[in-house]
Asks: 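Mind looking over this structure? Questions follow.
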Amino acid sequence: MFDHQFIEVEVKEKIAHIRLNRPKVLNALNRKMIHEIVHTMEAMDRDDNVKVILLYGNGKAFAAGADIGEMAEDTAVNLEVLNQFADWDRLAQVKKPIIGAVHGFALGGGFELALVCDLLFAAEDVKFGFPEINLAVMPGAGGTQRLTKLMGKTKALEWLWSGEMMSAQEALQYRIINHTFPKEIVIDETIKYARKLAEMPSLSVRFIKEAVYKAVDYSLYEGMQYERKNFSLLFATEDQKEGMKAFLEKRRPNFKGQ
Ligand code: CAA
């Protein structure tokens, strides 16, 4: 177990568990907490013992947004100088799979943090939303961009302008989350999936992630060029040789992540 002020971190069976841990304020994200999350994600990304990163919240919520108390007296100049969202950009650079297990509330910055995850497994009670408009601000950590890429401009504007909360069913319909589960089992189900993913050849997992994100940002042609390079590159790995040999020898492959 690693020591942090606002998160708990534990590595078990190739899976890193990062738990947001400010339950009294529904895991409201202050800057130090974001810093801890980013640092930990990067450390886990470099750690050979970790194959998958899980992110979830202690207490009643995943995260009810950025810490409003910390932000209330901010000025435009000090936000610009702080450049706090640079930390969020680093989260998107993590190469290993990040799976979020969300429950309770995922609002504002909490929703943005969920949207940084590659997959989202959600408790049936979860409420997503961007209530920033009620505070006379707007999302600043990717919310307008990632939500729009997932659900399209028309629906994204409707949600962002209303500030209302979206149910798990709605989030499923808009392809924001992968699955819903009863609250009591959502973490266990997420771990179950993570265990399977942790056994996959890790360079394939990594290159597939990279290529899929290119599909979000690149044209089809550019994305296909990128995919092709990653495809070829995998033929430089021991796992590719082992995977194909094992198939031909009718046995289970023994992947090493190399
Ligand atoms: N920042 C700071 N404190 C927060 C918080 C936040 N985002 N969300 C909740 N809390 C605190 C509450 O102030 C309360 O503290 P006290 O016990 O000291 O009063 C505690 O957490 C529990 O919250 P509530 O009593 O309000 O719980 P509830 O169940 O009645 O309501 C809620 C839950 C609807 C989520 C409500 O807490 C709420 O509306 N929270 C704010 C949500 C929000 O506006 N988030 C967006 C923030 S802006 C942002 O995120 C910007 C960005 O893009 C980076």
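In each ligand, atom 1 is the first atom listed, and ligand 1 is the first ligand listed.
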Asks: Could you tell me whether F111 and F130 have their ring centroids closer than 6.0 angstrom?
Replies: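 Aromatic pair counts; centres sit under 6.0 Å.
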Asks: Does this structure show an ion pair linking R146 with E112, if we count only N-O contacts that are shorter than 4.0 Å?
Replies: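 No.
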Asks: Before accepting this row, confirm whether a basic side-chain N of the pair E199/K51 lies closer than 4.0 Å to the acidic partner's carboxylate O.
Replies: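 Here E199 does not pair with K51 in a salt bridge, since their nearest N and O are not under 4.0 Å apart.
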Asks: Residue by residue, ordered by chain and number, which ones reach under 4.0 Å of ligand 1 with a heavy atom?
Replies: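 Those residues closer than 4.0 Å to ligand 1 by some heavy atom are K24, V25, L26, A28, A64, G65, A66, D67, I68, M71, F105, L107, G108, G109, E112, P131, E132, L135, P139, G140, M165.
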Asks: Do the rings of H17 and Y56 sit parallel, tilted or perpendicular, given the 30° and 60° boundaries?
Replies: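 Perpendicular, since the angle between the ring planes exceeds 60°.
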Asks: Is it the case that more than 12 heavy atoms not belonging to N83 sit under 6.0 Å from its CG atom?
Replies: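 Atom CG in N83 is crowded, with more than 12 foreign heavy atoms closer than 6.0 Å.
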Asks: Compute whether any side-chain donor of one residue and acceptor of the other, for S167 and E170, lie under 3.5 angstrom apart.
Replies: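 Their side chains do contain a donor-acceptor pair, which is all the 3.5 Å distance test asks for.
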